[in-house]
Amino acid sequence: MTSVHELMDYAEVIERFDPVLGLEVHVELHTNTKMFCGCANVFGGEPNTQVCPVCLGMPGALPAVNGTAVESAIRIGLALNCEIAEWCRFARKNYFYPDMPKNFQTSQYDEPIAFNGFLDVTLDDGSLFRVEIERAHMEEDTGKSLHVGGSDGRIHGAEHSLLDYNRAGVPLIEIVTKMIPGTGERAPEVARAYVTALRDLLKALDVSDVRMDQGSLRCDANVSLSPKTTGELGTRTETKNVNSLRSVERAVRFEMTRQAAVLANGGSVTQETRHFDESTGSTSPGRKKETAEDYRYFPEPDLVPIAPSREWVEELRGTLPELPWERRKRVQEEWSLTDAELRDLVNAGAVDLVAATVEAGATPAEARSWWVAYLTKEANARGVELAELGITPAQIARVVGLVNAGELTNKLAREVVTGVLEGEGEPEAVIEARGLKVVSDDSALEKAVDEALAAQPDVAAKIRDGKVAAAGAIVGAVMKATKGQADAKRVRELIIARCS
Amino acid sequence: MTDLIRSTAAELAAKIASREVSAVEVAQAHLDRIAEVDGAVNAFLHVDTEGALKAARKVDDDIAAGAHVGPLAGVPIALKDVLTTEGVPTTVGSKILEGWIPPYDATVTRRLKEAGVVVLGKTNMDEFAMGSSTENSAYGPTRNPWDLDRIPGGSGGGSAAALAAFEAPLSIGTDTGGSIRQPGAVTGTVGVKPTYGGVSRYGLVAFSSSLDQAGPCARTVLDAALLHEVIAGYDPMDSTSINAPVPPVVAAAREGANGDLSGVRVGVVTQFSGEGYQAGVLRSFEAAVAQLKQLGAEIVEVSCPSFDYALPAYYLIAPSEASSNLARFDAMRYGIRVGDDGTRSAEEVMSLTREAGFGPEVKRRIMIGTYALSSGYYDAYYGSAQKVRTLISRDFDAAFATVDVLVSPTTPTTAFPIGERTGDPMAMYKADLCTIPANLAGNAAMSVPSGLSDEDGLPVGLQIMAPALQDHRMYRVAAAYEVARDAALGATVISGVPQLAGAR
């Protein structure tokens, strides 16, 4: 599908409009079983192998609520500073779609389990922005449709569709923000920062894999523009298929510039669902509906209400781990970090990794220098997340230990780490296989020094004349001869000793 | 053989357990009876001859091996085709599920099998249990063994007719607005709707989730009680099932059979009489009340004014839930598929399948329910109906504060002729006037035969209602009444069923 958009320059958008955001995030919980049946909740199985009469919507089958999912929902609500309902129900959202086995989704409607909360998110400059949370509610995921024969995997133009119900019934929590005004030009950044903060929070709670690439964290971005002249709220669009943090930012920014152009040309924004295209960074309208969808919500008669006792809620509050912002505050104090250092650490997504490395024996400075300075570059170069780079905090701590013991130079240490990243095994195995031990035997080094001095008699003469700085060339030659395995400091000492 | 098919379930179980007769002989006698008369009655949609004989053999083997067997082991049963049966077709009386073989057993089916009860087959019903005559079945109407030109009630007409035709001593029905009790009443058999949540709904193809309740059907009160205890009890697969001990219904039935009801307070619901009630039905009811008084019960009149609104409330709530429950029949995963010729979209195939697969009454209720739940109408229809439901529950609560059980006729008329009401849905709906309140409130209710109407010689039912989880109260009253009634008539009511054509 091709469509040419007229876009307004971003600076002009901000000059003329106030953007208003609304973000809906769907989180797949990583419970062992599905929301309403005993089927395994595992990503990526053979199609239609994790199914049963309940999640296939067989005639006669009935749902039974997964208690762990309710527990996770309450913990998420508490972490988002929400009130927890004393009594709430599931509701049926009725609409027909082939990948929805019952043709209704068991969800929550006007009685969500958690409501009225907020999340303080850290922006790139370190400042905080409070996003108010409307609600967090429980529901089940749908199956997946695979459209075959079309150009882009979308239903438009497809020849036929395949249905995989493995995902049907996977527990979902939908977290909905209140309207977010007041972001100004930072709207795209706030959107990304919010989803980032939410992801980190859910990870800390250990309730979800939060993998946007696998769909376990999905974001729908609502965007509208309010003209500065009138201050009236604009018509919003809802952009789906936003599958990465970067896409959240791009999608919001695109919609702002697109809507602004529409309005500037005297047009009006259509309230619709739009689809984000990663490759072009643009949005396009979803399938047009002839009539407004009426979901005919009503209380789910197959399930009894959920009434979490206050004792249970408090018990769950007690199980909340140190939340990301608390952790950040603590490490900043403990590790004596400046705001800028903390920001770099957070932006690199390295707080947990550094903490674990410190726990394994490195100093905070050593650990940060590895993760933030060196490994972040490696991760970027390889296009993976820092945590998925393939090296553990314990391994880094061991390498640091070897450097401190004088068994590795910094250069050798990096080579060891490279070996680990390339799948050559534990650091010790890499050292062994690549022969990376520091040469600490003075007699071997003396021999190399003598050879280097003999090969460059003019340099040797300068050193003997007291021009110690000239020793650098000899050090270089020795390091080359020992394949970098010598301790440069010791080599230098030997050279000076030889020439005096 | 005639002895075997006319025996009660309790008698058969005793004879099988003592090896006086084998379970296989009993199963075969009923299979023979089905082969003989079901062409005329059409109570069965599917007869599982092989499965029944295999299950019977297993019971005989267990007994021969000295194993402990349940109180109904070896007794045959007919299941309403709304309960899933692994490997045996389940159609819910609808064309849309034609050919569907469920991959799992309903909890009720499983419990019966585990108790050694021998499943003969699946019985006819109004499509998706929507109807009061079994004329809405996609597979032709079931006929009333008392008069083959009349309806056997509905939706569970097949389960009731199978009992009255001596094709099975026990059957399972489901009751959403009277679908167990009204067929029981018009066929001279006993039908019980247990307390909502008393029997698991897992594997019961849903019509209206908040009203549906499976229950026992039999020819005697004790048989119904024995079956009740086999199928009832908490099931984690059904969130709405009650996690509490099963009411002691068998003990209550045995106690009641002693014929003493002194100290029992019986309330007569004043709303259920007058216009629309057949005179012979009211006379039978009055005679039954007089008999209860003779047994020592104290009789008082009780007014439940909200019951007047039960029928309209029911016809909003049940269709609303049905419109959602029946959405899953979309040709994607099971059942028939119409129009999938490679040129049509999934939505078009769904639509064509539902057009061809659902009958007119089902479509009518889907449309009513869809409308009642629509944005802008929800509060006026579904919302108001739920308020009426609360008022009906309060009427029951107030009544049960002063009486132990409530009684009324089960249905306003005796069995009507086939075809009489098919063109008049309102007339058809009125057959459930007296039975619906108990579904809306969720309490227990049953129908026990109160003899024959003096003007047409057709069976009449006495409805007995009890508070939630007090199912045993109504069994006690019903059992006492049954003994007194038979003594007064000099015979059981069911013995009056005419010989069926072709039967020996």
Under 4.5 Å heavy-atom distance to chain A, tell me which part of [X] shows up: side chain, backbone, both or neither.
X: B:P236; result: backbone
X: B:Y202; result: both
X: B:T84; result: side chain
X: B:A106; result: neither
X: B:T107; result: neither
X: B:D212; result: neither

Check each atom of A:Y297 against the heavy atoms of chain B and say whether the ones under 4.5 Å are side chain, backbone, both or neither.
-> backbone

Can you tell which part of A:N94 gets under 4.5 Å to a heavy atom of chain B, answering side chain, backbone, both or neither?
-> side chain

Output yes when [X] and [Y] qualify as a salt bridge under the 4.0 Å nitrogen-oxygen rule, no when they do not.
X: A:E71; Y: A:R75; result: no
X: A:D164; Y: A:R167; result: no
X: A:R218; Y: A:E28; result: yes
X: B:K113; Y: B:E86; result: no
X: B:K363; Y: B:E355; result: yes

Which heavy atom of A:R92 sits nearest a heavy atom of B:S324, and at what distance?
-> NH1-OG, 2.9 Å

Would you mind telling me which of [options] has the largest number of heavy-atom pairs within less than 4.5 Å of chain B?
options: A:V54, A:D302, A:L56; answer: A:D302
options: A:G38, A:P63, A:A61; answer: A:A61
options: A:A64, A:P53, A:P301; answer: A:P301

Can you check whether [Y]'s main-chain N or O pairs, donor with acceptor, with [X]'s side chain at less than 3.5 Å?
X: B:R389; Y: B:L440; answer: yes
X: B:N243; Y: B:Y234; answer: no
X: A:R236; Y: A:G22; answer: no
X: B:R337; Y: B:T353; answer: no
X: B:E321; Y: B:S209; answer: yes

Just checking heavy atoms, which of residues 91-98 of chain B are less than 4.5 Å from chain A?
-> B:L97

Quick one: of B:S208, B:S210, B:P102, B:S375, who has the most non-hydrogen atom pairs under 4.5 Å with chain A?
-> B:S375

Give the C-alpha distance, both sets of side-chain angles, the deciding distance and a yes or no for ring pair (Phe, Tyr, Trp, His ring centres under 6.0 Å) between A:F104 and A:F298.
-> CA-CA 11 Å; A:F104 63 77; A:F298 73 105; 7.7 Å; no

